[in-house]
Enquirer: 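After the structure tokens below, expect a handful of questions from me.
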Amino acid sequence: MAATVKGPVAVEDVNVTFEDQQKINKFARNTSRMTELKSEIEAKKKSLQNLQDASDDLMMLDDDSLLIPYQIGDVFISHTQEETQEMLEAAKEALEQEVKGLEEQVSAIQQVLGDLKVQLYAKFGNNINLEADES
């Protein structure tokens with residue numbers, strides 16, 4: 001079975017209105033913002049894993065009388081093992097909430113991008129490329 005090869009497809013001359021340009025700009029801004037949010041989510045997930053690792057290491061300690069240094073800002077403050085464990089749990093919960101909020105923002109942006117893609121592809125067809133480069 002032979003595949004047929006089409007000749008070069010003529011590019012339609014589509015008039016870009018101010019409203020169309022606004023949609024394209026909005027698409028670009030939202031794509032950029034989503035990329036930033038995804039990077040931020042990855043960084044927070046890495047911090048969350050570090051907190052989990054610290055919590056696991058803390059549980060393995062045998063001596064309950066040891067004071068554990070806990071960093072607050074630029075200062076390390078010594079706490080009991082139980083206090084440090086509680087602080088780690090509180091930090092993990094706060095970070096999980098931040099990640100959840102960021103993921104909700106990404107989801108909202110993806111919805112906006114989906115709507116814009118439909119509108120822009122409906123008008124411009126193959127004359128516009130709205131797919132992200134996977135490089």
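Worth saying up front: this structure is predicted, and the values here are computed from it rather than measured. Because only heavy atoms are used, hydrogens play no part in the values below, and waters and symmetry mates are left out as well, while side chains stay in.
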Enquirer: Got more than 12 heavy atoms from elsewhere within 6.0 Å of CG, Asp57?
Expert: yes
Enquirer: Under 6.0 Å from the CD atom of Glu103, do we count more than 12 heavy atoms belonging to anything else shown?
Expert: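 Buried by this count: over 12 neighbours within 6.0 Å.
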Enquirer: Does a donor on one side chain and an acceptor on the other come within less than 3.5 Å for Ser47 and Asn50?
Expert: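 Judged by distance alone, the side chains do not pair up.
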Enquirer: Kindly determine whether Gln21 and Asn25 satisfy side-chain contact (heavy atoms from CB on, under 4.5 Å), including the steps that lead there.
Expert: CA-CA 6 Å; Gln21 188 61 50; Asn25 292 345; 3.0 Å; yes
Enquirer: Quick check: is Val99 connected to Leu51 through a chain of hydrophobic side chains (ILVMFWY, heavy atoms under 4.5 Å apart)?
Expert: no
Enquirer: Distance only, no hydrogens: is a donor on one side chain within 3.5 Å (strictly under) of an acceptor on the other, for Gln119 and Asp115?
Expert: no
Enquirer: How far apart are the closest heavy atoms of Leu67 and Thr80, and which atoms are they?
Expert: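 Answer, listing the atom of Leu67 first, then Thr80: CD2-N, 3.9 Å.
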Enquirer: Test side-chain contact (heavy atoms from CB on, under 4.5 Å) on Lys26 and Val112 and set out the steps.
Expert: CA-CA 9 Å; Lys26 183 177 181 182; Val112 169; 4.0 Å; yes
Enquirer: Taking all heavy atoms of Leu48 and all of Leu95, pick out the closest pair and write down the distance.
Expert: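 Taking Leu48 first and Leu95 second, the nearest heavy atoms are N-CD2, 3.5 Å.
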Enquirer: Would you compute the distance between atom OG1 of Thr31 and atom CD of Gln110 and round it to the nearest 0.5 angstrom?
Expert: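 Rounded to the nearest 0.5 Å, the OG1-CD separation comes to 10.5 Å.
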Enquirer: What's the spacing between Glu98 CD and Ile41 CD1 if we round to 0.5 Å?
Expert: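 If I round to the nearest 0.5 Å, the distance is 11.5 Å.
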Enquirer: Measure the spacing between CE of Met87 and OH of Tyr70 and express it to the nearest 0.5 Å.
Expert: 5.0 Å
Enquirer: I want to check something: taking the side chain as every heavy atom from C-beta on, are Asn129 and Tyr121 in contact at a cut-off of under 4.5 Å?
Expert: yes
Enquirer: Could you give the distance from CG (Leu113) to CG (Leu130), rounded to the nearest 0.5 Å?
Expert: 9.0 Å
Enquirer: Would Glu42 and Lys38 count as a salt bridge (charged side-chain N to carboxylate O under 4.0 Å, His left out) if you check the C-alpha gap in whole Å, the side-chain angles of each, and the deciding distance to 0.1 Å?
Expert: CA-CA 6 Å; Glu42 287 303 312; Lys38 285 182 177 181; over 6 Å; no
Enquirer: I need the Glu96 CD to Gln52 CD distance, nearest 0.5 Å.
Expert: 8.5 Å
Enquirer: Quick one: NE2 on His79 to CG on Leu66, what's the gap to the nearest 0.5 Å?
Expert: 14.5 Å
Enquirer: Might you point out which heavy atoms bring Phe124 and Ile24 nearest each other, and give the distance in Å?
Expert: CE1-CD1, 4.5 Å
Enquirer: Could you tell me which non-hydrogen atom of Ile128 sits nearest to which non-hydrogen atom of Leu120, and how far apart they are?
Expert: CG2-O, 4.2 Å
Enquirer: Is there a path from Phe76 to Leu88 through hydrophobic residues (I, L, V, M, F, W, Y) whose side chains come within less than 4.5 Å of each other?
Expert: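 In one cluster with Phe76: Leu88, no.
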